[in-house]
Enquirer: 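Let me begin by handing over the structure; questions about it come next.
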Amino acid sequence: MLQISFIREHPQEVVNRLKIKNFDASQLVKQIIATDELRREAQTRLDETLAEANKLAKSIGQLFKEGKREEANDMKARSAALKASSKSLAEALEKHNDELHELLVQLPNLPHASVVPGKTSDDNEIIHTEGEIRDAGEKALAHWDLAKKYRIIDFELGNKVTGAGFPFYRGKGARLQRALINFFLEEGVKAGYEEYQPPLLVNEDSAYGTGQLPDKEGQMYAVPVDGLYLIPTAEVPITNIYRNVILKETDFPVKNVAYSNCFRREAGSWGAHVRGLNRLHQFDKVEIVQIRKQDDSYEALEEMREYVASLLRKLELPFRILRLCGGDISFTSALTYDFEVFSEAQKRWLEVSSVSNFESFQANRMKLRYKTKEGKTLIAHTLNGSALALPRIVAALLENNQTENGIKIPEALVPYTGFEMID
RNA sequence: GGAGAGUUGGCAGAGUGGUCGAAUGCGGCGGUCUCGAAAACCGUUUUCCGGUGACAACUGGAACAAGGGUUCGAAUCCCUUACUCUCCGCCA
């Protein structure tokens, strides 16, 4: 959510910058400013009425003490009238507040100056490519075939027990999952992140805080009887730690890493290109979250980008980094880097990580602030990134490392798996 | 799940209808003292929304778990919800 004060002072800039995201904000901004004006008027009138009522109540008390009962009773009548009008003013104010809020949440975050216009993912800029792409040859198997051949992931069994998109991992497949999770967490801790193990279900306030509600309600599994939601990413509980919090300067930088299962309904997004591990309803992911002061959040973003690159390097996977164009960047993000690894049997790039700076967009909605040395209270900046999501990493590891004798585990991972080959 | 008690400022903890945004202690910040530090002493210390004015300042309103109610007036009385604690039951 953008700050109302910013919109009020820079309406044209908001409209111009949102054009990069192919979002026509001109009407919305007009409505927001008009509603804000109504809201402030109502606030002023309510305050005046309440001020009078407060004064009156005080003098009534005084009169009672002095025994002037009759005068007091006269004033009571006036007070009652004030009460009625303050009530209707309060209702009007609340209505304006709600309306304003409803309008504000429709406005996407402003893109960073480096974000280029564009319509779709085809317009994303490839800013870095690294690693060797080998020709896996005609006989190369896709990961779903490899999974079956080595009996390490069982999709059919998942279908039977739960449904599509909920596979079983077994044997060395399960151990590979566990190894990757540990590897990612250990690397995160080494890089200065504090490890958290969050709840997998969150309440409505939390789902709202990071913007899953109301925008992406249909994407989350819900437990309505308890008012809870299954998290689509650890970002939700981890960022919500700081909901309604005012940090001190000395608390910075906040760097957290968390592993969680992630649950996504992915309604209506199934098809041939999402076979196997390419898209799941339940998957594993290690997430990094940073909270920064306003002046160094972009340094943090670059640091996170380099960190994610270092993970892929250690896993010896060929990857590239994209800077998302205005049309592909998310509603809440100001600047996003996507990481894709090349899957040699499918012969396509698979997105494995998304690293974003949300600037104050999330923090404003969550009321996450910090106090400067001078005593000013500012909205913090939030950033997060996958580091990393497992399924597509596993898909690429299986496909890229297949040999006649089995699947070779990258060296960096062997201490975690305890084996060098899946065979 | 049953019975009872509770939820106040960063923390501890007063406050049972008006003088309470809220005592006191601790912590934090600034200062005096000191070569420096500790101790002591002095001062200061929540947040949000408005208005005037604009690096300051002044001023109105709101918030004592959340929401609603009673009352001229609520931290204080009533109701609902959430959470915490104690005892019992159940249990990985």
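Letters A, B, ... are given to chains in the order of the sequence lines, protein chains preceding strands, and every chain is numbered from 1. What you see is a predicted model, and the numbers here were worked out from it, not measured in a lab.
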Enquirer: Which is it for A:I409 and A:Y416 under the side-chain contact (heavy atoms from CB on, under 4.5 Å) test, yes or no, and what are the steps along the way?
Expert: CA-CA 10 Å; A:I409 301 296; A:Y416 294 91; over 6 Å; no
Enquirer: Looking at A:R45 and A:E48, is there a salt bridge between them, counting it only when a charged N and a carboxylate O are closer than 4.0 Å?
Expert: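 No, no charged N to carboxylate O under 4.0 Å.
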Enquirer: On a whole-Å scale, what distance lies between the C1' atoms belonging to B:A23 and B:A82?
Expert: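 These two C1' atoms come out 30 Å apart once rounded.
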Enquirer: Using both distances under 3.5 Å as the test, list the Watson-Crick or G-U wobble partner of B:A37, or none.
Expert: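 Answer to the pairing question: none, since B:A37 forms no Watson-Crick or G-U pair.
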Enquirer: Which nucleotide, if any, forms a Watson-Crick or G-U wobble pair with B:G53, using both distances under 3.5 Å?
Expert: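 Looking at the geometry, B:G53 pairs with no nucleotide.
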Enquirer: Expressed as a whole number of angstroms, how long is the span from A:K248:NZ to B:U45:C1'?
Expert: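 After rounding, the gap between these two atoms is 13 Å.
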Enquirer: Determine the interatomic distance between P on B:A66 and the same-named atom on B:C11; round to the nearest Å.
Expert: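 Comparing P positions in B:A66 and B:C11 gives a spacing of 14 Å.
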Enquirer: Across all strands shown, which nucleotide pairs with B:G10 by Watson-Crick or G-U wobble geometry, both distances under 3.5 Å?
Expert: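 Paired with B:G10, as far as the under-3.5 Å criterion goes, is B:C26.
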Enquirer: Please give the distance between the P atoms of B:G15 and B:U76 as a whole number of Å.
Expert: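 Straight-line distance between the two P atoms is 15 Å.
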Enquirer: With rounding to whole Å, what would you report as the distance between B:A74 and B:G17 at their C1' atoms?
Expert: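 Straight-line distance between the two C1' atoms is 6 Å.
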Enquirer: Tell me the partner of B:U80, counting only Watson-Crick (N1-N3 plus N6-O4 or O6-N4) or G-U wobble (N1-O2 and O6-N3) with both under 3.5 Å; none if nothing fits.
Expert: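 Looking at the geometry, B:U80 pairs with B:A66.
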Enquirer: Across all strands, who's sitting opposite B:C85 as a Watson-Crick or G-U wobble pair, both distances under 3.5 Å?
Expert: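 Across any shown strand, B:C85 pairs with B:G4.
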Enquirer: Between B:C64 and B:G30, how many Å separate the two P atoms, rounded to a whole number?
Expert: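 Pairwise P distance, B:C64 against B:G30, rounds to 32 Å.
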Enquirer: Run the side-chain contact (heavy atoms from CB on, under 4.5 Å) test on A:M304 and A:N357 for me, step by step, so that the C-alpha distance in whole Å, both residues' side-chain angles and the decisive distance to 0.1 Å come before the verdict.
Expert: CA-CA 10 Å; A:M304 288 166 76; A:N357 187 354; over 6 Å; no
Enquirer: With P as the reference atom in both, quote the distance from B:C83 to B:A39 in angstrom, rounded to an integer.
Expert: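 It works out to 43 Å between them.
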Enquirer: Rounded to the nearest angstrom, tell me the gap between atom CD in A:E204 and atom P in B:A82.
Expert: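 Rounded to the whole Å, the gap is 14 Å.
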Enquirer: Distance check, C1' atoms only: B:U59 and B:A5, in whole angstrom units.
Expert: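 Looking at atom C1' only, B:U59 and B:A5 are 44 Å apart.
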Enquirer: Which residues satisfy the ring pair (Phe, Tyr, Trp, His ring centres under 6.0 Å) test with A:H10, sequence neighbours excluded?
Expert: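 If we apply the ring pair (Phe, Tyr, Trp, His ring centres under 6.0 Å) test to A:H10, skipping adjacent residues, the hits are A:F6.
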Enquirer: Starting at CG of A:D251 and ending at P of B:G28, how long is that distance when rounded to a whole Å?
Expert: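 For the pair A:D251 CG and B:G28 P, the rounded distance is 15 Å.
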Enquirer: Who passes ring pair (Phe, Tyr, Trp, His ring centres under 6.0 Å) against A:Y150, sequence neighbours left out?
Expert: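 Ring pair (Phe, Tyr, Trp, His ring centres under 6.0 Å) list for A:Y150, sorted by chain: empty.
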Enquirer: Which whole number of Å gives the distance between the P atom of B:U16 and that of B:A75?
Expert: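 Each nucleotide's P atom is 13 Å from the other's.
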Enquirer: Please say which of A:H381, A:E303, A:E359 ends up in a side-chain hydrogen bond (donor to acceptor under 3.5 Å, both in side chains) with A:Y298.
Expert: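 Single side-chain hydrogen bond (donor to acceptor under 3.5 Å, both in side chains) partner of A:Y298 among A:H381, A:E303, A:E359: A:E359.
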Enquirer: Using a 4.0 Å heavy-atom cut-off to protein, can you give one letter per nucleotide of nucleotides 48-73 of chain B, 5' to 3': B if the base is in contact, S if only the sugar-phosphate is, - if neither?
Expert: SBSS--------BSS------S-BBS
Enquirer: Applying a 3.5 Å limit to both distances, which nucleotide forms a Watson-Crick or G-U wobble pair with B:A75?
Expert: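 No nucleotide pairs with B:A75.
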Enquirer: Between the side chain of A:E399 and the main-chain N/O of A:Q346, is any donor-acceptor distance below 3.5 Å?
Expert: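 Confirmed, A:E399 side chain pairs with A:Q346 backbone.
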